[in-house]
Amino acid sequence: MFDFLLRASMPVIFNAITALLIWAIFSLTAALIYLILVLLYLMSRHAWQLYKLSQWLVKPDLQTIPEANGIWDDAFSRLYKMVKRHQQTKLDLAAELKHIEMATAAMPDGVLILNSVNRIEWCNPLAAEHFGLNPQRDIMQDITYLVRQPEFIEYLHEGNFNDPLVMSPSRHDDLRLSIKLVHYGDNKRLMISRDITQLERIENMRRDFVANVSHELRTPLTVVNGFVENLQDMDDLNHAQISRALFLMAEQTKRMDNLVADLLTLSRLENDHSPISEEVVDIAALMRAIYQDGLVLSADKHPITLEIASQHNLTGNYGELRSAFGNLVSNAIRYTPTGGSILIRWAERGEQPVFSVQDSGIGIAPQHIPRLTERFYRVDRSRSRETGGTGLGLAIVKHIAIRHQGKLEVSSEENKGSTFSIVFPLKRSAH
Ligand code: ADP
């Protein structure tokens, strides 16, 4: 402060001393004229600097800040520093804003800001995608004009956002969204949308699976229970009746046993994400073992042919491969009427190893083929059950194929027969 006053009054003091000297040497009039001229000069200089400052303030730019000396130089250099600081803060804020924008754009949820009268103030790209919005054109539009589902409008107006709303947007009815609103700030609301399509699908699958397993176990249990009750109620049972009841009960318990065994296999395959323990599997020996199993299962009802057209072996897990190949052979036998033929084949397609089972059985209509590997999916439920099927065989085969980076292929024609093949990648071919 003192420094500033000193610098501001220096010209006045200097000129006052000069005026006193003029007075002493010349006259009072000369001194006064001198003082008036000097003061006029000083005032016009300040006025000029003020003018430059006011002009510069119209469009403040660091490059064009006025130059000056004396106390104005001080003021301008402080101003220069202030503007520079201000510009840096602006740059920092812009960078921060960009950062936040990038973070919200990368968020796995849709985020949308609604003002107090339901107009969209901002949304991230995912929210725009969920609700079919245009982030530029639809800003400040009323959301109820753009998202028109009655349940959404009711949810918005009710204002009770404790539980999320689950709905499908009109433009993607296969999409399921969980929508949550949160009050914040000055009567604004943050709307968060999450794609739960996959989650719902998994939840439905889980529910179906539990229902299917319960149903599958319930039928044989009811049968066994029925026989047990009958046996308890009947006083004079003869040996033939007892052995028939035991035979039928054994059949049902075998069915339950098969089902539980397949369920355990499937669960182990699905939960085991570690790499499979591998070895070079002697394919000729494996094919012969499967062929023998097939002969036993068919009990001479079908001519079965074994063809080994490739000398290459396969790197993989013996137990899993035997289970997958055996399942396909067992299906071919079970779905081929007596007299129909079956061909078990090991060959190469291009250079890829292929295992296939071809039958001349009942075949499968095209609409069923994409669903065959779903758990418990059967074309003919009673035929599958009669032949001891659990409805899980092909699901197991598909998992084993995937664990070996292979692919299960099905080609079939109703009443003509089917070919089920597992095509393995070339890298699994071994000598
Ligand atoms: P399942 O225990 O019922 O045989 P799978 O998962 O092995 O269960 O097969 C699913 C369904 O695919 C079967 O129920 C049957 O309808 C059909 N299927 C499988 N293999 C054949 C085949 N070789 N010929 C005709 N249909 C078949």
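Quick note: numbers below take in every heavy atom, side chains included, and nothing from hydrogens, waters or symmetry partners. Ligands are counted one by one from 1 in listed order, and the atoms in each one are counted from 1 as well.
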With heavy-atom distances below 4.0 Å as the criterion, list the atoms of ligand 1 near [X].
X    : value
R334 : 1 (P), 2 (O), 4 (O)
R378 : 3 (O), 14 (O)
T390 : 2 (O)

To which protein heavy atom is [atom] closest, and what is the distance rounded to 0.1 Å?
atom                    : value
atom 5 (P) of ligand 1  : L394 N, 3.6 Å
atom 17 (C) of ligand 1 : L372 CD2, 4.0 Å
atom 3 (O) of ligand 1  : S384 OG, 2.5 Å
atom 16 (O) of ligand 1 : V379 N, 3.0 Å
atom 8 (O) of ligand 1  : G391 CA, 3.2 Å

Handout entry: Geometric N/O contact G393 with ligand 1, under 3.5 angstrom
Key = yes

Exercise for the section: Would you check the N or O atoms of G389, main chain and side chain alike, for any that come under 3.5 Å of an N or O of ligand 1? Expected result: no

Problem - Cation-aromatic face contact R345/F355, 6.0 Å, 45 degrees - result: no

Problem - S418 heavy atom under 4.0 Å from ligand 1 - result: yes

Problem - H239 NE2: over 12 foreign heavy atoms closer than 6.0 Å - result: no

Going by distance alone, is a donor N or O of one side chain under 3.5 Å from an acceptor N or O of the other, for [X] and [Y]?
X    : Y    : answer
N258 : R255 : no
N317 : R403 : no
H46  : W72  : yes
S310 : E348 : yes
H302 : T336 : no
E200 : N204 : no

Completion exercise
Under 4.0 Å between heavy atoms, the region of D359 that gets near ligand 1 turns out to be side chain

Practice task
Please state which part of I364 comes within less than 4.0 Å of ligand 1, counting heavy atoms only: side chain, backbone, both or neither.
Solution key: side chain

Handout entry: From CG (L286) to OH (Y318), nearest 0.5 Å
Key = 5.0 Å

Practice task
Calculate, to the nearest 0.5 Å, the distance between atoms CZ and CD belonging to R119 and Q141 respectively.
Solution key: 7.0 Å

Completion exercise
In terms of its nearest heavy atom to atom 24 (N) of ligand 1, the top option of Y377, F420, F376, Y335 is Y335

Exercise for the section: Just go through N331, N258, I362 and tell me whose heavy atom is the nearest to atom 19 (C) of ligand 1. Expected result: N331

